[in-house]
Amino acid sequence: MVQVVLPNDANPLGFILGGSVMHLIDIAGAIACHRHTRTLLVTAAVDGLQFLHPIKVGDLIILKARVTAAWNTSLEVEVEVFSEETLTGVRRMTSRAFLTFVSIDQEGRHVPIPPLIVETEAEKRKAAEAEKRRAERLKARKELEARCR
Ligand SMILES: CC(C)(COP(=O)(O)OP(=O)(O)OC[C@H]1O[C@@H](n2cnc3c(N)ncnc32)[C@H](O)[C@@H]1OP(=O)(O)O)[C@@H](O)C(=O)NCCC(=O)NCCS
């Protein structure tokens, strides 16, 4: 997904707002997941997000999203964010995020999703790493639920 950063998305310094980047990450991740599941989805979790470099008004923001693992009704997507200077073409990675989406129907019931076919060594490595992140996320969710009781 590619967009030009417009003044409406920016803070007074002329850099895109963190919240605007988060919105685009959510959209790019959801599109990749929709293409895998062809179902309705909700965002269940977003892993720790960092902003390495600002992206200024007039530059391009580029988001690359790829499903890394699919389980029963949930799946993980990796979203990488880059800036590209319009006048020079210089591209820098600015953020990376892992999001989990859960597949649901119109009544909000969870819907099983197709498995992800992992073929290359890189895909297998990413899927194995996703298993570890999922365990951490579910542990974090349990802890939060216990605190909210
Ligand atoms: C996310 C949500 C659907 C989970 O529903 P739930 O009934 O509590 O979840 P369950 O324990 O039955 O888990 C369902 C699946 O979601 C996964 N899941 C749930 N919470 C998760 C989390 N925090 N991180 C990772 N995966 C999670 C489970 O592992 C399970 O996956 P699986 O079927 O592939 O094994 C529910 O909490 C919800 O609707 N949250 C609000 C979502 C929302 O409003 N998002 C923003 C707007 S889209």
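Numbering of ligands and ligand atoms starts at 1, following listing order.
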Atom 39 (O) of ligand 1 [closest protein heavy-atom partner, distance rounded to 0.1 Å]: V42 CG2, 4.3 Å
Atom 27 (C) of ligand 1 - nearest protein heavy atom and its distance: L138 CD2, 3.6 Å
So that I can tick it off, tell me whether R149 and E145 are bridged by a salt bridge, with the cut-off set at under 4.0 angstrom between side-chain N and carboxylate O. no
Just how far is it from atom CD of E80 to atom CD1 of I62, taken to the nearest 0.5 Å? 11.5 Å
Subset of ligand 1 atoms that lie under 4.0 Å from at least one heavy atom of W71: 34 (O)
What atoms of ligand 1 come within less than 4.0 Å of a heavy atom belonging to A45? 23 (N), 24 (N)
Mind checking whether L41 contacts ligand 1 via backbone (N, CA, C, O), side chain (CB onward), both or neither, at a 4.0 Å heavy-atom cut-off? neither
Would you say atom 42 (C) of ligand 1 makes contact with the protein, given that contact here means a non-hydrogen protein atom less than 4.0 Å away? yes
Using the rule that two of Ile, Leu, Val, Met, Phe, Trp, Tyr join whenever any of their side-chain heavy atoms come within less than 4.5 Å, decide whether V21 and L49 are in one cluster. yes
Please identify which atoms of ligand 1 are closer than 4.0 Å to at least one heavy atom of V102. 16 (O)
What's the separation between atom NZ in K64 and atom CZ in R66, rounded to the nearest 0.5 Å? 9.0 Å
Atom 11 (O) of ligand 1 within contact range, any protein heavy atom under 4.0 Å: no
Under 4.0 angstrom from atom 48 (S) of ligand 1, is there any protein heavy atom? yes
Looking only at protein heavy atoms, what sits closest to atom 1 (C) of ligand 1 is A44 CB, 3.6 Å
Sub-3.5 Å N/O-N/O distance, R137 and ligand 1: no
Atom pair CG/OG1 of D105 and T39 - distance to nearest 0.5 Å: 9.0 Å
I'd like to know whether ligand 1 has E76 as a neighbour, heavy-atom separation below 4.0 Å. no
Hydrophobic cluster membership, with links at side-chain heavy-atom distances under 4.5 Å among I/L/V/M/F/W/Y: are V77 and I27 in one? yes
Please list the nearest protein heavy atom to atom 9 (O) of ligand 1 with its residue and the distance rounded to 0.1 Å. H110 NE2, 3.8 Å
Within a distance under 4.0 Å of any heavy atom of T73, pick out the atoms of ligand 1 and give their elements. 14 (C), 15 (C), 31 (O), 32 (P), 33 (O), 34 (O)
Check whether L99 and L63 end up in the same hydrophobic cluster, where Ile, Leu, Val, Met, Phe, Trp and Tyr are linked by side-chain heavy atoms less than 4.5 Å apart. yes
For atom 31 (O) of ligand 1, what's the nearest protein heavy atom and its distance? S74 OG, 3.0 Å
Closest heavy-atom approach to atom 2 (C) of ligand 1 among R141, R109, K142, R133 is made by R141
Atom pair CD1/CG of I16 and L24 - distance to nearest 0.5 Å: 5.5 Å
Salt bridge present between R137 and E76 (N-O < 4.0 angstrom): yes
Say whether L6 and V57 are linked into one hydrophobic cluster, either directly or through other cluster members, by side-chain heavy-atom distances under 4.5 angstrom. no
Would you say T43 has any N or O atom under 3.5 Å from an N or O of ligand 1, going by distance alone? yes
Linking I/L/V/M/F/W/Y whenever their side-chain heavy atoms sit closer than 4.5 Å, directly or via other members, would V81 and V46 fall into one cluster? yes
